[in-house]
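Heads up, the thing below is written out as structure tokens.
All values reported here derive from a predicted model rather than from experimental measurement.
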Amino acid sequence: MKRRHSCHWNWRAAVGLAVALLAGCGDSQPTLTGVVTLDGAPLANGNISFLPAGEGAGASASIGPDGAYDVRTGSVRGLAPGEYVVTVSANGPPITKPGSDLPLPGKLLTPKKYSTIRTSDLRATVQPGENTLNFELTSNAK
């Protein structure tokens, strides 16, 4: 009398469970895109971060050459609905000192005010669904 291995059935059950779980993952978190400008011109590089005003995970994005960003929480596109403090920073080209192999960050191109959670006055409210938020920075921000 031959016995079937129980792992054969377990493998099929595991595949079925995985397919069912993936099918239920259609509800994605809200997306957030936009454009960052400095004195009316697109900010050509940098980073934008969204730090929750309460509890939860923060999210960030690189700012492209056209000033556009697309937020990710870890490796997942989007972020949870809620209120966020926003920080933005961009640096000029890296500086390489003679005799050093490690480049240093270039000059800060954005006002320091926008670069920390304590001083930034930028805020975002993320709603369920697709969100587009543009941020207009000014050089003379105090």
Evaluate the criterion side-chain contact (heavy atoms from CB on, under 4.5 Å) for residue pair Asn91 and Lys107; output intermediate values, then yes/no.
-> CA-CA 5 Å; Asn91 292 78; Lys107 177 184 173 192; over 6 Å; no
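- The shortest distance between side-chain heavy atoms of Asn45 and Ile63 does not fall below 4.5 Å.
- Within the 4.5 Å cutoff, side-chain heavy atoms of Thr138 are placed close to those of Asp39.
- Leu38 approaches Pro111 most closely through the heavy-atom pair CD1-CD, 4.1 Å.
- Checking side-chain atoms of Ser115 against main-chain N and O of Ser89 turns up no donor-acceptor pair under 3.5 Å.
- When side chains are defined from C-beta on, Leu32 does not count as touching Gln127, because their heavy atoms never get closer than 4.5 Å.
- Listed for the Asn134 side chain is a donor-acceptor partner under 3.5 Å among the backbone atoms of Val35.
- Counting heavy atoms from C-beta outward, Thr119 and Lys112 have side chains that stay 4.5 Å or more apart.
- Looking only at side-chain heavy atoms (C-beta outward), Tyr114 and Asp121 come within less than 4.5 Å of each other.
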Under the side-chain contact (heavy atoms from CB on, under 4.5 Å) rule, what do Tyr84 and Leu79 come out as? Steps first, then yes or no, please.
-> CA-CA 10 Å; Tyr84 293 86; Leu79 70 165; 3.3 Å; yes
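- Between Val36 and Tyr69 the shortest side-chain heavy-atom distance falls below 4.5 Å.
- With rounding to the nearest 0.5 angstrom, the CD1 atom of Ile48 is 11.5 Å from the CG atom of Asp70.
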Full working for side-chain contact (heavy atoms from CB on, under 4.5 Å) between Ser60 and Val71 = CA-CA 5 Å; Ser60 63; Val71 173; over 6 Å; no
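- Atoms CG and NZ, on Leu122 and Lys113 in that order, are 7.5 Å from each other to the nearest 0.5 Å.
- Side-chain atoms of Thr73 do not come within 3.5 Å of backbone N or O of Val76 as any donor-acceptor pair.
- Residues Arg77 and Thr31 approach most closely at NH1-CG2, 3.3 Å, considering heavy atoms.
- Closest non-hydrogen pair, Pro30 versus Asn131, comes out as CB-ND2, 3.7 Å.
- Ala80 and Gln29 get closest at one heavy-atom pair: N-OE1, 3.6 Å.
- Legend: residues meeting side chain to side chain donor-acceptor pair (under 3.5 Å) with Glu83, ordered by chain and number and at least two apart, are Thr125.
- Between Leu137 and Val88 the shortest side-chain heavy-atom distance falls below 4.5 Å.
- Considering all non-hydrogen atoms of both residues, Pro52 and Gly58 come closest at CD-CA, 3.7 Å.
- Between Leu43 and Thr37 there is no side-chain heavy-atom pair separated by less than 4.5 Å.
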Would Val86 and Arg123 count as a side-chain contact (heavy atoms from CB on, under 4.5 Å) if you check the C-alpha gap in whole Å, the side-chain angles of each, and the deciding distance to 0.1 Å?
-> CA-CA 5 Å; Val86 181; Arg123 301 291 183 268; 5.8 Å; no
